[in-house]
There are 2 protein chains.
Amino acid sequence: MAARGHDTKERILKEAQALVLKRGFSATSLDNIIQAAGVTKGAFFHHFKSKDDLARQLIERFAELDFALFEEWDRRADALSDDPYQALILFLKLFEEWLDNLRQPFAGCLFAVYVYESNLFEPEVNAYVKKSLEHWQQFYERKFAAIIAERPPKLEVSAAELAESIVAILEGAFILARSGEKPDLIARQSRLFRGYVKLLFDEDTRSRDAVA
Amino acid sequence: MAARGHDTKERILKEAQALVLKRGFSATSLDNIIQAAGVTKGAFFHHFKSKDDLARQLIERFAELDFALFEEWDRRADALSDDPYQALILFLKLFEEWLDNLRQPFAGCLFAVYVYESNLFEPEVNAYVKKSLEHWQQFYERKFAAIIAERPPKLEVSAAELAESIVAILEGAFILARSGEKPDLIARQSRLFRGYVKLLFDEDTRSRDAVA
DNA sequence: CTATATATACAAACCGGTTGGTATGTTGTC
DNA sequence: GACAACATACCAACCGGTTTGTATATATAG
């Protein structure tokens, strides 16, 4: 049945992602994956033509789920405020709320895993990772561009730089959170970045500055 | 001869680090390493009792070289200014200068590689990575604490948060720089962080009367 | 409704090659 | 000749991938 097949494939992808985030891609053997998913090698190679194929489908699935979350927060944030600045702040808050409500601590970013093992993958997979990270960045860049168009920032910064910054902060935070076993680190750094954005754009801190 | 032995071991460590930064730890086989270093398996196992032992010595060497650079910049920055704020700015500039002068683009951070393959390593190796990242962070934290003690920041931020932030930014920047093949991204983000610090602490952007 | 044909979704055994690791040399130096 | 510093030969385990086989669902023709 088609449904049964889809379930099996989805289970393989889910377990594979968990294992790859834990141990890296090359350290995760197909035997590990099929054991975790409770299937045989035949089942695996029915759904994936190679381990490279798994890598490709794994990262595509990750990116799709990732951007789906992003777009949901984006819609909700835009619905809550017309002001681009407030919408960005709300967007980040929704992200932080999601992080806080995660049961198991955030496992990590598959993009980062792939970047640090990039020599393992086919060029098109690396290109997909690059494209996804840039897509992520451009998502933020549009938001910052809209803000800058309305209110000039207090320092000379470009929308691209700011977008690059939040993505870098989050990628780095994933690493620190994992190593230090500090699941709250990611949301904390997101909040700190919000403070930075506030300093750059918020009128309250400008007028307060004039008084102080 | 001891010198000859030390050279061989150092060559193995150097080539191993380059390979591990390129492909990850588990994807780097001992055969790859001994071929790159131009030695035999016997030579390798004379200097390292196992691949785990190589992992340990590799990360310890990385941390030592890393912190040696840090301490040099620290000394030079402290020599150039007594003001903790100026010293931090100078420190970051020295770091950026080092990045700009690197011949080959920055390869990446071995700590991050180990974090994302942490299930491969013995607990003590992971603990060492954790300790090193924290040490790195505390290095910055002391600097921010000294600044905050002199001038209150414009937003309510702790020295620990700020230290966490710059480390996260750099770790994330390494990833983005690698994926996007943008070697200048790291220094750019360091400069952006300097802008943030300036907004937080610099008197130019505030009133000038507080410090006398 | 049924018989046949075909595709899907797996399972189990197996293969050649590679892995980390070892056992046993050989060489150069003090 | 003792010991460090290697080289060579080799092993057992494991790797990604293949092969072969089977149960089941679906489409089609009579």
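Computed from a prediction, not measured in an experiment: that's the story for all the values here. So you know, we letter chains A, B, ... as the sequences are listed, proteins then strands, and number each from 1.
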I need the CD1-P distance between Ile33(A) and dG17(D), as an integer number of Å. 11 Å
Could Lys22(A) and Tyr116(B) be counted as a cation-pi pair, given that NZ or CZ must be under 6.0 Å from the ring centre and within 45° of the axis? no
Main-chain N/O of Ala37(B) paired with Arg11(B) side-chain donor or acceptor, under 3.5 Å: yes
Rounded to whole Å, CD of Glu122(A) lies from C1' of dG16(D) at a distance of 14 Å
Starting at atom CZ of Phe45(A), determine the distance to atom C1' of dA13(C), rounded to an integer number of angstrom. 14 Å
Relative to Phe25(A), does Lys51(A) satisfy both conditions: NZ or CZ under 6.0 angstrom from the six-membered ring centre, and within 45 degrees of the ring's axis? yes
note: Phe48(B), atom CZ; dT22(C), atom P; distance rounded to Å ~ 16 Å
Quick one: is dA5(D) close enough that its OP1 or OP2 comes under 4.0 Å of any side-chain N or O from His47(B)? no
Does the ring of Tyr114(B) carry Lys130(B) above it, NZ/CZ under 6.0 angstrom from centre and within 45° of its axis? no
Taking atom types as modelled and ignoring hydrogens, do the side chains of Glu97(B) and Asn101(B) form a donor-acceptor contact shorter than 3.5 angstrom? no
Does any non-hydrogen side-chain atom of Pro183(A) lie less than 4.5 Å from one of Phe106(A)? no
Footprint string (nucleotides 7-13 of chain D, 5' to 3'): B base within contact, S backbone only, - free, heavy atoms under 4.0 Å: BB-----
Expected list for residues 13-21 of chain A near DNA chain C, using heavy atoms below 4.0 Å, is none
Which part of the nucleic acid, if any, lies within contact of Ser26(A), taking any heavy atom under 4.0 Å across all strands shown: a base, the sugar-phosphate backbone alone, or nothing? nothing
OP1 or OP2 of dC6(D) versus the side-chain N and O atoms of Thr8(B): is any pair under 4.0 Å? yes
Expressed in angstrom and rounded to an integer, what is the separation of Asp31(B) atom CG from dG17(C) atom C1'? 12 Å
Closest listed nucleotide, where the reference is the side chain of His46(B) and the choices are dG21(C), dC6(D), dG16(D): dC6(D)
Flag the pair Phe67(A) / Trp136(A) as yes when their ring centroid distance falls below 6.0 Å, and as no otherwise. no
Can you measure Lys51(A) atom NZ to dT18(C) atom C1' for me and round it to whole angstrom units? 13 Å
Look at the rings of Phe139(B) and Phe91(B) and say which category their plane angle falls in: under 30° parallel, 30 to 60° tilted, over 60° perpendicular. tilted
Are any of the side-chain heavy atoms of Asp83(B) and Glu150(B) separated by less than 4.5 Å? yes
